[in-house]
There are 2 protein chains.
Amino acid sequence: MVQYQDRLDLTFAALSDVTRRGVLEQLGGSQASISDLAERFQMTLTGMKKHVSVLEQAGLVVTEKVGRVRTCKLGPRRLEEEAAWIESHRQLWSARFDALDKIVEKLKTQEKTDGHRKRR
Amino acid sequence: MVQYQDRLDLTFAALSDVTRRGVLEQLGGSQASISDLAERFQMTLTGMKKHVSVLEQAGLVVTEKVGRVRTCKLGPRRLEEEAAWIESHRQLWSARFDALDKIVEKLKTQEKTDGHRKRR
DNA sequence: TTGATACTGAACCATGTGGTTCACTGTATG
DNA sequence: CATACAGTGAACCACATGGTTCAGTATCAA
């Protein structure tokens, strides 16, 4: 359970940076070396290495070094738990806002029929 | 677009703390004051106030102060964008891991190590 | 009026983050 | 061999984070 929470911590933290989300998107298209990514995101090798490490720590990316180049690709963790967490909470939200939803719906339709004027 | 990315940043960062996820769960059950939450999570009022502010900043929680009590409840943002982001990336993963999928399926039927439910 | 309650804000602390530079190691290649 | 190239690690920087304490302010209740 603690592990589960820790993993959620790591993953959500990894996803909370626009560069790292970009890297994931990039790797969704094709593998890339650290240099490739560093160039694409206009950042030093060292900087990109850190981002990749964060993603690797979270299990979202795996890397392998062959010769002098480290190749990065999407990892085995597929955001199942994160998707599950978010889904279950979206349901909480939904339960809580069903009533509100109806009111909003009602207001919308009234607006349409009522318009801004009251009498013609 | 920038705003969209910023919001994702804020939301994922808000979700990357176990206390804040706990608060959301709590508020899914019922409204609560800052004091309620502080007590539940064994933390000072000031500390809890900060967490609530982070959640509020991300639009996940709204609060209203009546008298001297600030009441917190789930906010209007319902993780639609986050769910969408994760879903779209899960599809990338899927495309990439179809073969692995079968292996995992096989393993799943053999052992049940994780107590968490499947999504949806 | 007095006092307790509920929160707020400033200040502080330790640690983490996102980025850099610089010096270095190991690998390819002319 | 000599040199360039890809990555690594340490050190540094400014700033954010997760928490605290302490000193308020505003509100409720007796």
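Chain naming here is simple, since letters A, B, ... match the order of the sequence lines and numbering starts at 1 in each. Just so we're clear, the structure is a prediction, and the values are computed from it rather than from any experiment.
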Query raised in the report: Roughly how many Å is it from CG in Asp17(B) to P in dT17(C), rounded to a whole number?
Result: 12 Å
Report task. Would you please confirm or rule out a distance under 4.0 Å between OP1 or OP2 of dG19(D) and any side-chain N or O of His51(B)? Result -> yes
Report summary line: Atom CG of Leu15(B) and atom P of dT17(D) are separated, to the nearest Å, by 14 Å
**Report entry** Spacing between Glu39(B) atom CD and dA6(C) atom C1', to the nearest angstrom
**Finding:** 13 Å
Requested in this report: Figure out the NZ/P separation between Lys49(A) and dA10(D), and round it to whole Å.
Outcome: 10 Å
**Report entry** Among dG19(C), dT5(C), dT27(C), the one nearest Arg68(B) by side-chain distance
**Finding:** dT5(C)
Requested in this report: Give Gly67(B) one of three labels, base, sugar-phosphate or nothing, depending on what nucleic acid heavy atoms sit under 4.0 Å from its own.
Outcome: sugar-phosphate
Query - Parallel, tilted or perpendicular: ring planes of Trp85(A) versus Phe12(A), cut at 30 and 60 degrees - result: perpendicular
Query - Interatomic distance where CE belongs to Met48(B) and P belongs to dG18(D) [whole Å] - result: 12 Å
Query raised in the report: Between Thr46(B) and Gln42(A), which has a closest nucleotide on DNA chain C that is more 5'?
Result: Thr46(B)
Query raised in the report: Which whole-number value in Å describes the distance from Phe41(B) CZ to dT20(D) P?
Result: 14 Å
Report task. Using heavy atoms to find the nearest nucleotide of DNA chain C for Thr44(A) and Arg70(B) separately, return the residue whose nucleotide is more 5′. Result -> Arg70(B)
Query raised in the report: Is there a side-chain polar atom (N or O) of Lys50(A) under 4.0 Å from OP1 or OP2 of dG18(C)?
Result: no
Query raised in the report: How many Å lie between CG on Leu45(A) and P on dG26(C), as a whole number?
Result: 18 Å
Query raised in the report: What does Ile34(B) touch in the nucleic acid at a heavy-atom separation under 4.0 angstrom: a base, only the sugar-phosphate, or nothing?
Result: sugar-phosphate
Query raised in the report: Within this structure, what is the CD-to-P distance between Gln57(B) and dA16(D), rounded to whole angstrom?
Result: 12 Å
**Report entry** Result of checking Val54(A), Leu60(A), Val61(A) against Arg20(A) for side chain to side chain contact (heavy atoms under 4.5 Å, CB included)
**Finding:** Val54(A)
Query raised in the report: If you measure from CG on Leu24(A) to NE2 on His51(A), what distance do you get to the nearest 0.5 Å?
Result: 11.5 Å
Query - Polar side chain donor-acceptor pair, Glu82(A) to Thr11(A), under 3.5 angstrom - result: yes
Report summary line: d(Gln26(B) CD, Arg40(B) CZ) to nearest 0.5 Å is 4.0 Å
